[in-house]
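Each ligand, and each atom within it, is numbered from 1 in the order the structure gives. Just so it is clear, the values below take in all heavy atoms, side chains as well, and ignore hydrogens, waters and symmetry mates.
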Amino acid sequence: MAKTMERINPLQAFGPALCSVQNPSSYIGGEIGATVKPHGEDDGLLNVAIAFPDVYSIGMSNQAIKIIYNGLNARNSVRCERVFAVESDFESLLRQKNLPLYTLETGMPLHCVDLVGFSIGYELGITGVLNVLDLGRIPLLKSERTDGDPIVIAGGVGATNPAVFSAFFDAVFIGEAEGGLFDLIERLAAMKKNGAARRDLLAECVRHPSVWTQDMSVARCGHTVARRAVQADFGSVPSVESFFPLPNIKTVQDHGVVEIMRGCPNGCRFCHAGIYYRPQRVKSRDLIFAETDRLVNEAGYREISLTSLSSADYPDIGGLLDELNRRYRAQNVSFQLPSLKANSVTLPILAKLSEVRKSGLTFAVETPDEAWQLRLNKEVYAQHLVDIITEAKRRGWNKAKFYFMVGLPFPETDGKTEESVIVDFLRDVQEKTGIRCNVNVGTFIPKPHTPYQWVRQISPEESERKLTYIREHLPRGKFKVSTHDVATSYLEGLLSRGDERAGMVIYRAYQKGCRLDAWEDHLRRNLPLWEAAFAEAGYDVKAEILRPRDHDEPLPWDSVSLGPAKHFYEKEWQRHLAETLTPKCTPGCDHRCGICGNNVSCKNSDAVHKSGHLDDTLPLNVQKNIRQTCNIPVLYRVVFSFTKRDGGEYIAHLSLIEQFNRAILKSELPVVYTAGFNPLPRLEFASTLPLGVTSCDEIASLLLYEPVSEQAFIDALNRHFMPGIRISRSFVFPVTNLRRRESLASGLWGSIWRYQFFGAENSAVRDFFAGDGARPFLQDASSCAFSGCGLRDDKLAGTTDERTLTARLAFRQERPFREALESFFGKKWYEFAAIAKIQTLAKPDAVSFFALYERIAAINAELIRQRDERNT
Ligand code: SF4
Ligand code: SF4
């Protein structure tokens with residue numbers, strides 16, 4: 001099964017054309033913490049691409065991707081690399097260059113890997129899946145794949161009705177990767193080493209008890225139902241590392257994540273995730289502390305999210321927050337509980353959350369009507385909410401977010417509708433508390449593997465009527481209402497409970513141009529294409545999406561078991577009708593759903609997981625405290641030069657600042673921070689480089705509260721940057737309050753640039769200098785000097801190369817000169833030249849920044865000497 005593969009280096013393959021796409025750093029890899037396993041001559045490793053069906057900025061926040069990536073790369077026999085769906089501009093660039101989509105670590109063309117694994121967190125990601133396969137040159141339909149193609153598998157919470165995706169995936173892994181996927185992949189790696197062919201590997205895959213494939217039989221698979229894999233020891237053994245690699249750009253959730261618990265004890269009857277992640281398994285505090293230490297000290301995060309389906313159900317969550325706040329307060333690390341069940345938020349928890357930085361106050365209410373809450377098996381007491389919000393307001397929160405759903409299977413009457421009870425409830429809470437309310441309302445989609453899997457889905461028209469009522473009856477100013485797009489919910493209904501026919505609808509929609517439909521704006525734009533695909537389906541798609549299912553009809557997902565048997569869902573449905581609550585999960589519960597058994601059990605004991613670390617005498621494995629500007633007697637300033645190349649040129653300035661902030665925190669250098677609630681290093685840049693322009697002399701500075709040696713400074717930071725960003729020189733000197741500290745930008749004179757022209761523009765640049773466009777620059781000799789491309793200025797050493805122009809430009813002329821060239825050639829600079837900054841120059845006479853700051857250091861030293869002399 002050895003494959004020859006020409007790997008793609010995106011920096012060489014696209015060159016400056018990367019500037020033509022949004023977020024170019026999404027496509028170049030090279031992130032800190034990425035695992036790059038060098039390719040040896042026929043090294044026999046199993047090459048796996050872990051794929052996410054949405055773009056980099058979303059996929060890099062996905063925990064499952066990082067867990068699988070790090071879990072597989074921990075196996076010596078496996079090389080796991082990442083690939084994400086791309087935006088349309090990059091898709092055009094790939095097609096224009098006739099290149100396949102590739103993995104980020106070593107540029108493996110996707111069609112050359114052995115196995116592509118998609119993590120499907122949300123059903124609507126499917127057009128992203130097809131886009132990745134298509135651009136990766138892998139046949140979309142599994143029936144068209146042959147021995148030379150990769151095996152394409154999927155998994156995740158959005159793939160529990162795999163029948164819909166059966167045309168595309170060779171196999172689907174049901175459940176948690178730690179519960180069996182890693183071992184399976186390792187077995188496949190061993191088989192590859194022994195020369196197994198694709199069909200042998202696939203045969204091994206489908207024999208796994210948690211793997212679903214379209215035509216399961218005992219003879220072929222050994223089972224006819226794929227049973228969900230569960231990591232039984234979650235919480236009592238260290239979790240797979242999930243914070244590396246660190247993204248190149250700001251992602252949708254740009255903070256550290258500790259998964260403190262898996263599963264949720266609450267059993268809300270509409271909740272698919274609640275079933276998928278059963279049983280509740282609590283992570284020990286010691287493991288939480290160890291993971292937090294690494295996130296703060298190794299990854300450089302100062303905001304940590306304590307995630308789970310319902311974090312307030314973590315035993316003694318208040319004690320955990322106390323300990324975390326104590327350990328990390330000095331480093332200004334804040335902790336968020338992103339998912340709080342409304343009734344679980346207590347006043348003490350609120351107090352602890354308000355100790356550092358304020359995170360959002362969010363309540364998932366679903367419906368405020370108490371009888372309907374009994375049907376949902378979810379109680380939210382209105383008075384409790386009012387009490388909590390009143391106290392939160394007193395503590396400084398000024399807004400709260402509420403989630404509701406419409407379309408739940410409730411017996412509405414003329415006087416009591418879902419929308420009217422939501423409006424009445426919100427107006428009442430707002431009146432009593434005075435809080436500003438952000439209200440989010442979605443349409444309920446019946447999900448497979450829940451007690452509501454049989455109910456009808458309301459039509460888009462009914463949904464729109466309900467949502468409009470809510471929007472119109474909550475006054476702006478006090479309420480900000482956002483509603484889910486009804487078309488999105490409608491399509492999600494097709495994918496959630498559809499059968500194999502839905503796969504062909506998706507296929508046609510993709511062929512018609514649908515892409516990234518998990519984004520509401522994309523889906524709205526693509527709606528006519530979806531409608532056209534529905535029209536060609538050969539069955540009434542709309543009726544199929546909306547219809548209720550008979551309780552005894554076979555369901556498309558019957559060949560998957562998440563644990564509970566069908567009679568459990570049926571029993572829960574009867575309890576819904578009877579408005580009866582089912583108690584929370586507890587070890588040894590008396591309402592067994594079928595999940596806890598031989599190896600797997602609900603683990604939520606408070607006693608087991610208290611570690612006693614509240615003892616203040618225990619050493620804390622944390623860095624030096626950060627120091628803020630106030631009360632520091634002597635300050636030092638370090639001015640330094642760094643490179644931005646080899647991919648670093650595509651890191652946008654704000655992301656660069658973030659990388660510096662993280663590197664500084666990890667370096668433990670004695671850096672001074674700003675004052676306030678969100679202290680940041682006192683970091684300053686002389687200028688901002690346009691995206692795609694390389695530089696070997698960017699200038700920045702930091703304030704220090706202790707001197708460090710110049711080399712120690714360089715070494716401490718360089719180990720935390722990607723290879724293209726390198727500090728090459730630094731200069732440390734004391735500063736004094738006897739004179740005003742000048743900003744770097746105020747000392748900026750300009751820069752020396754090198755323009756390397758491509759092809760025809762190479763000779764045409766002479767015409768530019770002969771024409772009117774160049775006159776303002778040629779006549780401004782004090783600000784501009786040029787060498788190369790037929791010009792020679794003695795102020796510039798070196799370049800007489802015909803293809804290369806060296807330009808020394810004062811800052812005010814840099815941009816006009818680039819724009820004059822763009823206007824002359826009629827295109828953007830990156831289409832005719834590569835630009836590099838050679839040196840940043842300082843005032844007054846275009847010297848190096850180090851020369852300027854050596855002068856300033858001498859002045860400071862003299863002032864300090866005079867003051868000391870006066871004082872003695
Ligand atoms: S609290 Fe309810 S809705 Fe939330 S995760 Fe648990 S079961 Fe699901
Ligand atoms: S068996 Fe009981 S405790 Fe275990 S997951 Fe099911 S309901 Fe919860």
Check atom 6 (Fe) of ligand 2 and write out every protein N, O or S atom at under 2.8 Å, as residue and atom.
Cys593 SG
Among residues at least two apart in sequence or on other chains, which ones pass ring pair (Phe, Tyr, Trp, His ring centres under 6.0 Å) with Phe404?
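Ring pair (Phe, Tyr, Trp, His ring centres under 6.0 Å) list for Phe404, sorted by chain: empty.
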For [X], take its heavy atoms, then give the atoms of ligand 1 lying under 4.0 Å from any of them.
X	result
Phe270	3 (S)
Gly267	7 (S)
Cys271	3 (S), 5 (S), 7 (S), 8 (Fe)

Does Glu461 come within less than 4.0 Å of Lys466, counting only side-chain N to carboxylate O?
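A salt bridge is absent here (no side-chain N lies under 4.0 Å from a carboxylate O).
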Are a donor atom and an acceptor atom from the side chains of Ser559 and Trp212 found within less than 3.5 Å of each other?
yes
Has Thr580 got a side-chain atom pairing as donor or acceptor with Ala578's backbone, closer than 3.5 angstrom?
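Judged by distance alone, yes, a pair lies under 3.5 Å.
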Within 45° of the ring axis of Trp372 and under 6.0 Å from its six-membered ring centre, is that where the NZ or CZ of Lys378 lies?
no
Under 2.8 Å from atom 6 (Fe) of ligand 1, can any N, O or S atom of Cys264 be found?
yes
Supply the atom-to-atom distance Arg228 CZ to Ile275 CD1, rounded to the nearest 0.5 angstrom.
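Arg228 CZ to Ile275 CD1: 8.5 Å, rounded to 0.5 Å.
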Can you pull out every salt bridge (Lys or Arg N to Asp or Glu O under 4.0 Å) where at least one residue sits in residues 263-276? Sequence neighbours excluded, please.
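Sorted pair list: Arg269-Glu572.
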List every atom of ligand 2 that sits less than 4.0 Å from any heavy atom of Thr586, numbering the atoms from 1 in the order shown and giving each element.
3 (S)
With Cys271 via side-chain contact (heavy atoms from CB on, under 4.5 Å) - residues at least two apart:
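Cys271: side-chain contact (heavy atoms from CB on, under 4.5 Å) contacts with Cys268, Ala273.
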Heavy atom of Val600, distance to ligand 2 below 4.0 Å
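Judged by the 4.0 Å heavy-atom criterion, Val600 does not count as contacting ligand 2.
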Working for side-chain hydrogen bond (donor to acceptor under 3.5 Å, both in side chains), residues Thr127 and Asp517
CA-CA 7 Å; Thr127 48; Asp517 292 283; 2.7 Å; yes
